[in-house]
Amino acid sequence: MGCNSSTNSNTKVASQEVDYFLTPSEIQIVRESWAIVALDLPATGLHIFTRLFEMEKDLKKLFRRLMTQTESGEFIFDTVRLEQHATLVMKQLGQAVDNLDDSTHFSEMLTILGEKHAVYNVRPEMFPFLWPAIRDGLKMRLGDKFTVEAELAWKHLYDYIISKLSEGIERGRPKPKKKLRLF
Ligand code: HEM
């Protein structure tokens with residue numbers, strides 16, 4: 001991990017930007033490989049989400065809005081909606097790549113997206129489940145170019161993204177109501 005920023009025990013996770021997670025050479029690797037991945041976002045995204053739901057069946061229930069109900073009452077994914085959603089998530093990855101030089105503004109956008117995920121009932125501990133599926137999707141697109149170094153660079157970018165999303169979930173989580181003291 002990059003860990004380029006100076007940290008001390010008072011540094012909050014919230015202040016960590018993308019250059020804390022990736023070294024300059026990892027940033028370069030991510031940029032170069034994104035140019036290939038970006039050639040087909042819908043197919044890569046669909047591959048990633050198909051893998052996610054194969055591996056983590058329990059997560060399906062969070063995505064009811066992307067499903068239709070069959071006559072027998074079974075919920076199945078609507079491929080068009082799932083592909084649209086997968087493309088949206090891929091575009092978010094692309095924005096992270098576009099903001100590698102200075103992530104301050106983008107970090108706030110990710111935190112706001114995290115707040116939305118709190119409403120979707122996503123918990124921070126679920127985010128690591130998506131990484132193996134993203135890794136598979138990248139491998140499918142990049143082939144031999146998905147080296148050990150490339151995998152680590154992408155993992156570090158994902159760590160940055162989920163740290164900001166998780167911050168947003170914490171921020172968006174309903175606060176326990178304070179008890180009124182009548183006396
Ligand atoms: C295990 C990990 C994750 C889960 C379970 C999850 C779950 C969800 C759910 C349930 C929705 C709402 C879908 C709908 O009803 O339309 C959603 C939306 C979305 N997610 Fe995630 N998500 C995860 C990770 C991520 C990551 C890592 C990113 C970014 C790279 C991301 C980006 C988005 C975007 C852009 C939307 C659409 C937001 C909107 O409504 O405007 N998600 N996610």
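Bear in mind the structure is a predicted one, so any value in this text is a computation, not a measurement. Counting begins at 1 with the first residue of the sequence. Both counts, for ligands and for their atoms, begin at 1 and track the order of listing.
For the pair Asp101/Arg31, a side-chain contact is recorded, criterion being any heavy-atom separation below 4.5 Å from C-beta on. Looking at Met90 and Ile48, their side chains come closer than 4.5 Å, going by heavy atoms from C-beta outward. Considering only heavy atoms from C-beta on, Asn99 stays 4.5 Å or farther from Met109 through its side chain.
Here the heavy atom of the protein found nearest to atom 16 (O) of ligand 1 is Arg65 NH2, 2.6 Å. The nearest heavy-atom contact from the protein to atom 2 (C) of ligand 1 is Phe127 CD2, 3.5 Å. Closest to atom 37 (C) of ligand 1, if we only count protein heavy atoms, is Leu88 CD2, 3.5 Å. Nearest protein heavy-atom contact of atom 10 (C) of ligand 1 is Leu62 O, 3.3 Å. Closest to atom 35 (C) of ligand 1, if we only count protein heavy atoms, is Gln92 OE1, 3.6 Å. Lys116 NZ, 2.8 Å is the protein heavy atom nearest to atom 41 (O) of ligand 1. The protein heavy-atom contact nearest to atom 1 (C) of ligand 1 is Met126 O, 3.3 Å.
Taken together through direct or relayed side-chain contacts under 4.5 Å among Ile, Leu, Val, Met, Phe, Trp and Tyr, Leu22 and Ile29 form parts of separate hydrophobic clusters.
Every residue meeting the side-chain contact (heavy atoms from CB on, under 4.5 Å) condition with Met55, not counting sequence neighbours, appears here in chain and number order: Arg51, Pro132, Ala133. Glu56 pairs by the salt bridge (charged side-chain N to carboxylate O under 4.0 Å, His left out) definition with nothing, not counting sequence neighbours. For the side-chain hydrogen bond (donor to acceptor under 3.5 Å, both in side chains) test, no residue two or more places apart in sequence or in another chain qualifies with Asp98.
Only protein N, O or S atoms were considered, and those under 2.8 Å from atom 21 (Fe) of ligand 1 are His117 NE2.
Phe53 and Phe77 have parallel rings, their planes meeting at less than 30° on a 0 to 90° scale where 60° marks the start of perpendicular. Relative orientation of the Phe49 and His85 rings is perpendicular, given thresholds of 30° and 60° on the angle between their planes.
With values rounded to the nearest 0.5 angstrom, Lys61 atom NZ is found 10.0 Å from Asn121 atom CG.
Not a single heavy atom of Phe129 sits under 4.0 Å from any atom of ligand 1.
Selection from Trp131, Tyr158, Phe63 by nearest heavy atom to atom 7 (C) of ligand 1 gives Phe63.
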